[in-house]
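Some notes on the structure that comes next.
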Amino acid sequence: MIVMDRVGGCVTIGRYLFSGRMRGVLPGIVASAIMFAALMTVPVSATSAQEPGVAGLVISYGNSAYSYAVVPVPADGERFDGVDLLEQSGLPVLAIDFGGYGQGVCKIEVVGCDVSACRVRLCQTGDSASPFWRYLLGGETGWTMSPLGASGSPVESGKVYGWAWSGGQGVPADMPTLSLQDVMARSGFDSNAAPLRPALRSIGLSGTAAPSESSSIEYAGAGFILAALGGAGWMLVRRARQRAGIA
Amino acid sequence: MSSTAAVDVRAWLVWGGSAFLIALMARNPLVLLELGMVVVIVRGACVPPDRLSGVGWLLRLAPIMLAIGVLFNLLTVRAGDQVLASLPSDWPVLGGNLTWNALAFGVVSALALFVLILIGTTLGALIRWTELARVLPQRVAPLAVAGSVAWVFLPELTRSFTDIRESMQVRGVAVRGPRTMVPLIVPLLAQGLERAMITAEALEVRGFGGAPVARTGRRAWVADVVLVGGMVLLAAGVYDLARGSTRAWPLMIGMGTIAVALGALRRPATSTPRTQYRVAHWDRRDTAVAVSAAAVAGVFVAQWTTGRVALGFDPYPTLAWPTVDFTMMLALPLLAVPAAIAAFASLPAR
């Protein structure tokens with residue numbers, strides 16, 4: 001505050017903060033700041049400090065298309081959430097940041113929507129039955145909806161997680177209930193490899209995320225069209241202005 | 001003369017509608033760039049000199065839009081295969097990868113916004129609102145008159161306020177604070193009432209508010225039924241589009257628009273006769289502009305309905321150069337027909 005008081009207009013702020021009116025509020029502000037700083041430095045989950053392991057991932061694209069992946073989970077206390085698990089699987093993923101709400105997944109492989117539609121309602125239209133990417137937690141009894149979302153819940157070793165492109169309420173019916181061993185078998189994971197590497201296998205997906213690029217001749221053609229339009233346009237503007245008597 | 005090309009206001013509306021439609025549908029940077037070039041050409045060739053305000057403010061606006069679009073996208077979308085830089089992951093909100101993909105998407109979004117503003121300002125400079133009011137259907141004529149009276153209210157009030165304040169200052173009365181505003185408000189109110197009387201008399205002289213003439217026969221109410229039916233279809237189509245549940249909305253919106261247009265163009269069952277001192281003529285130039293613009297819009301709508309990827313540009317998750325589609329690139333210059341008319345047409349100016 002002493003430093004602040006030396007800075008021009010901040011003198012008034014300093015006096016105001018230490019005035020009788022604000023003195024009651026100040027401890028609360030300081031406590032909040034300390035708590036925020038503590039939250040920023042403490043590891044996200046105590047469960048992450050465990051031995052190295054893997055987590056399974058099942059992705060349902062609808063229309064009987066699935067991806068199965070097994071991803072090593074870091075054991076050094078590093079933050080590793082559901083979106084990290086998805087990105088580490090090797091699948092092309094489009095996820096956007098929603099600030100304090102965390103991240104939203106817009107597209108996995110070729111299924112989903114672009115950034116503009118995703119920003120509006122996470123790919124959903126006004127119809128509640130329209131699909132979006134939902135995050136599921138696996139278990140012995142089947143799938144359950146994640147209460148915190150993918151970026152808000154840490155991934156635990158030995159568990160199976162899921163993503164389903166579906167609308168409506170609840171867990172989609174076509175989501176297969178699988179144990180980690182099942183996912184390992186379906187993804188072709190090599191548990192003897194050292195170090196452990198992610199494994200991924202997709203079934204029933206039509207098309208890939210690779211964009212269709214034009215040839216260099218086509219780009220040259222496009223450049224020629226733009227250049228010709230620019231030249232012709234300049235001539236038209238010049239002639240029209242001459243006719244209208246504009247200098 | 002409405003512009004150097006002297007094109008009818010209805011043809012300009014078709015041109016503007018087509019350009020807006022393309023700018024809203026397309027995200028391919030090549031298409032947006034070409035559309036922007038066409039609009040600049042039409043602006044340069046067709047906007048009359050007295051309305052050709054500088055584009056400096058627009059060019060100053062462009063980098064601001066670009067910066068906002070790029071920064072917002074860079075900091076909110078971390079996806080993409082081309083990493084530009086990485087911010088420490090323990091930084092709240094800002095931490096993570098910044099990608100070339102996000103930068104490309106931000107640039108394309110800013111380009112689309114800039115082209116939309118360019119089209120809007122160009123159309124605004126090309127259309128004279130008096131001409132627009134003249135070609136409006138009989139049904140909306142009272143609304144147009146009321147709108148134009150309301151539109152000039154604020155500038156007239158501002159002018160009166162300035163005049164009265166200057167008169168007071170010349171007489172040694174300084175306007176400082178609310179207390180000194182009282183002698184200013186009274187003449188302002190008097191002038192407003194006087195102007196209202198003059199406007200009312202002018203409207204009365206022109207027959208506004210006269211006794212409506214009733215039309216008889218079956219066709220008199222057919223137009224009303226078509227209009228109401230069209231509005232219902234249009235509302236249902238917009239609702240369906242917002243809900244996104246079925247694919248019937250293009251049909252409903254299309255049919256609704258046609259029905260509303262047909263119903264609005266027919267004279268209502270009861271209306272006040274309308275006199276026009278200058279009747280708008282539609283000639284070959286207008287047909288050329290309207291048909292070429294509609295053809296371009298048709299090409300793009302066909303591309304959109306067939307789901308052609310060349311219309312869009314999605315840099316996620318893999319960044320690649322935009323797809324070239326010669327059908328669209330060769331169709332777009334047709335929007336520059338008004339510029340060609342302004343440069344070469346031998347028809348007499350209106």
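This structure is a prediction, so every number in the text was calculated from the model and none was measured. Within every chain, numbering begins at 1; the chains are lettered A, B, ... in the order of the sequence lines, protein sequences first and strands thereafter.
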OG1 on A:Thr125 to CG on B:Asp240, rounded to 0.5 Å: 10.0 Å

A:Ile225 side, atom CD1; B:Met37 side, atom CE - distance, nearest 0.5 Å: 11.0 Å

Closest contact, heavy atoms only, A:Asp114 versus B:Asp314: CB-OD2, 4.1 Å

Main-chain N/O of B:Ala45 paired to A:Arg241 side chain as donor or acceptor, under 3.5 Å: no

Portion of A:Arg238 that has a non-hydrogen atom of chain B nearer than 4.5 angstrom: neither

Side-chain heavy-atom pair B:Phe105, A:Ser116 within 4.5 angstrom cut-off: yes

Side chain to side chain, A:Val237 and B:Arg43, heavy atoms closer than 4.5 Å: no

Chain A contact via B:Asn73 - side chain, backbone, both or neither, heavy atoms under 4.5 Å: both

A:Arg239 side chain near B:Phe344 side chain, heavy-atom distance below 4.5 Å: yes

Part of A:Ala95 lying under 4.5 Å from any heavy atom of chain B: backbone

Pair B:Met329-A:Leu229, side-chain contact (heavy atoms from CB on, under 4.5 Å): steps then yes or no: CA-CA 10 Å; B:Met329 291 204 72; A:Leu229 179 68; over 6 Å; no

Residue A:Leu236 versus chain B: region with a heavy atom under 4.5 Å: both

Top contributor to chain B contacts, counting heavy-atom pairs under 4.5 Å, from A:Gln124, A:Met235, A:Arg119: A:Arg119

Choice from B:Val324, B:Leu330, B:Val77 maximising heavy atom contacts with chain A below 4.5 Å: B:Val324

Considering all heavy atoms, the nearest A:Ala222-B:Leu30 contact: CB-CD1, 4.4 Å

Minimal non-hydrogen separation, A:Glu218 against B:Phe326, with atom names: O-CZ, 3.5 Å

CG/A:Asn63: more than 12 non-hydrogen atoms of other groups inside 6.0 Å: no

